[in-house]
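As structure tokens, the structure follows; a few thoughts come after it.
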Amino acid sequence: MNYERRPYTFDRVVRILFSVCALLATLYLLTILKGVLLPFLVAVLIAYMLEPVVKWNQRWMHTANRFIPVMTTLLETSVVIGGFCAIFFPYLISECTQMTEMVKTYATKQIDIPFISESIHRFIRDNIDFNQLSKLLSQEQWEKLIKTSISSSWGFLSSSLAFVFGVISWLVVILYVIFIMLDYEKLTLSFRQLVPHGHRRRVFRIFDDIKNAMNRYFRGQFLIASIVGVMFSIGFLIIGLPMGVVLGLFIGLLNMVPYLQLISLPITALLCLVWTVSTGGDFWLIFWESMAVYVIVQCIQDLVLTPRIMGKVMGLNPAIILLSLSIWGSLLGFMGLIIALPLTTLILSYYNLYVIQRIQQKQERNHDSSTDIG
């Protein structure tokens with residue numbers, strides 16, 4: 001149905017041009033200041049992710065003061081991360097050493113697997129440098145990398161201030177996190193009070209859209225991705241897939257964008273192939289066991305985790321999330337990845353509020369007018 005278009009008056013054209021110039025100036029300013037803003041944005045993201053834990057500690061301690069719950073949350077987070085590193089890194093070194101031997105075996109051994117042509121193995125060997133790969137996975141290479149990192153750090157420390165600046169940047173992030181977590185509720189209220197009274201209804205509606213999208217993605221999807229990564233790791237560990245825990249955690253990371261974990265299927269098939277050649281096991285058995293892990297975890301995710309954690313409200317389309325991360329990441333680097341979802345949600349919410357709804361209102365008025373005439 002036809003609707004009336006607003007005429008492009010001089011005032012409207014000036015407003016549009018001013019808005020475009022303001023947007024370009026903001027992007028330019030963010031590009032210049034991204035080195036300064038990045039620690040703050042990282043701290044905001046960390047504080048936002050840990051806020052539910054702070055709330056839980058507050059209720060558990062029966063206190064309105066945030067200082068002790070915040071310190072407890074930071075201590076709990078440090079213990080969890082430290083425990084994970086203490087368990088994961090020795091396992092990673094052991095798996096890499098074992099994987100090195102498997103890769104060498106696959107690169108030299110004659111292969112005969114039912115229903116898989118020799119041309120496939122030839123294609124893999126021609127396009128993957130297994131000798132270089134085995135060197136990268138060797139324990140000697142890991143030790144050399146650590147020694148090089150330490151020596152280069154001391155070199156920077158003695159010759160320039162780059163190392164000092166790097167340490168200061170992380171200290172600034174930690175301080176930002178503490179200050180933001182301590183005054184999280186006051187900062188949220190202050191941002192709301194900055195909005196003029198005449199625009200609060202519309203602006204708060206847009207803020208609520210952004211908040212809901214952030215809750216669904218950064219909190220909800222992060223929790224789902226973490227659980228999925230652990231389940232994949234346990235499943236691969238049970239069936240004996242090499243580098244299973246590493247692959248499972250990698251799949252969990254990919255799951256931050258829904259269904260992106262499907263791109264890990266070729267890696268899984270390659271690991272099954274390398275395991276078969278090096279151990280003499282049945283390729284199709286471990287391959288279908290791996291596919292069973294995918295199916296079981298995906299069913300648990302779609303039927304149990306997503307409905308319970310995310311609810312019935314749908315988040316952004318996975319294609320929009322991936323496109324948003326790609327565009328803003330290319331424009332602003334790592335800082336762009338952090339602000340990609342809020343900015344995309346802001347644009348979509350603004351478009352829905354000021355474009356879609358206005359069109360619908362005009363269509364309803366035209367429909368009512370035609371009904372009255374009839």
* To do: Mind telling me whether F232 and F236 have parallel, tilted or perpendicular rings, with 30° and 60° as the class edges?
  => tilted
* Structure fact -> For G244 and E95 the tightest heavy-atom approach is N-OE1, 4.3 Å
* Asked: Linking I/L/V/M/F/W/Y whenever any side-chain heavy atoms sit under 4.5 Å apart, do V53 and M61 land together?
  -> no
* Asked: Could you give the distance from CD (E289) to CG (D282), rounded to the nearest 0.5 Å?
  -> 9.0 Å
* **All side chain to side chain donor-acceptor pair (under 3.5 Å) counterparts of T268, not counting sequence neighbours** => Y294
Show the atom names and distances, to 0.1 Å, of all donor-acceptor pairs under 3.5 Å that link a side chain in residues 68-88 to residues at least two apart or in another chain.
| from | atom 1 | to | atom 2 | distance (Å) |
| --- | --- | --- | --- | --- |
| T72 | OG1 | I68 | O | 2.7 |
| T73 | OG1 | N57 | ND2 | 2.8 |
| T73 | OG1 | P69 | O | 2.7 |
| E76 | OE1 | N57 | ND2 | 3.3 |
| T77 | OG1 | T73 | O | 2.8 |
| S78 | OG | L74 | O | 2.8 |

* **hydrophobic_cluster_shared for I267 and L270, side chain cutoff 4.5 Å** => yes
* To the nearest 0.5 Å, what is the distance between NZ (K55) and CZ (R66)? -> 6.0 Å
* Asked: Closest approach of I239 and S290, non-hydrogen atoms and distance?
  -> CD1-OG, 3.4 Å
* Structure fact -> Nearest heavy-atom contact between Y176 and A43 is CB-CB, 3.2 Å
* Does S264 use its side chain to pair, donor to acceptor, with the backbone of I251 at less than 3.5 Å? -> no
* Asked: Which residues pass the side chain to side chain donor-acceptor pair (under 3.5 Å) test with S324, sequence neighbours left out?
  -> T344
* **Cluster companions of V230 among Ile, Leu, Val, Met, Phe, Trp, Tyr (side-chain spacing under 4.5 Å)** => I234, I238
* To do: Working to the nearest 0.5 Å, report the span between CH2 of W288 and CE of M291.
  => 7.5 Å
* Do you know which two heavy atoms are closest between I180 and A47, and how far apart they sit? -> CG2-CB, 3.6 Å
* Asked: Does a sphere of radius 6.0 Å around CZ in F40 hold more than 12 heavy atoms from other residues, nucleotides or ligands, not counting ones at 6.0 Å or beyond?
  -> no
* To do: Work out which heavy atom in T63 is nearest to a heavy atom in N65; give both atom names and the distance.
  => OG1-N, 3.1 Å
* **Q298: partners by side chain to side chain donor-acceptor pair (under 3.5 Å), with sequence neighbours left out** => Q261, D302
* To do: Could you list the residues that satisfy side chain to side chain donor-acceptor pair (under 3.5 Å) with D183, not counting sequence neighbours?
  => none
* **Interatomic distance, M231 atom CE to I227 atom CD1 [nearest 0.5 angstrom]** => 7.0 Å
* Do L253 and I46 belong together in a cluster built from hydrophobic side chains that touch within less than 4.5 Å? -> no
* Side-chain (Q98) to main-chain (P242) donor-acceptor, under 3.5 angstrom -> no
* Asked: Are I296 and I286 joined in one hydrophobic group, where the rule is that I, L, V, M, F, W and Y side chains link up if heavy atoms are under 4.5 Å apart?
  -> yes
* Nearest atoms (heavy-atom pairs only) where Y91 meets L237 -> OH-CD1, 4.3 Å
* Asked: Checking Q221 side chain against N255 main chain: does a donor-acceptor pair fall under 3.5 Å?
  -> yes
* **Aromatic ring pairing Y184/Y48, orientation class (parallel under 30°, perpendicular over 60°, tilted between)** => tilted
* To do: Step by step, work out the side chain to side chain contact (heavy atoms under 4.5 Å, CB included) result for L41 and L45.
  => CA-CA 6 Å; L41 292 176; L45 180 60; over 6 Å; no
* Structure fact -> Between the CH2 atom in W275 and the CG atom in L241, the distance rounded to the nearest 0.5 Å is 9.0 Å
* To do: Examine V295 and W284 and state if one hydrophobic cluster contains both, with Ile, Leu, Val, Met, Phe, Trp and Tyr joined whenever side-chain heavy atoms are less than 4.5 Å apart.
  => no
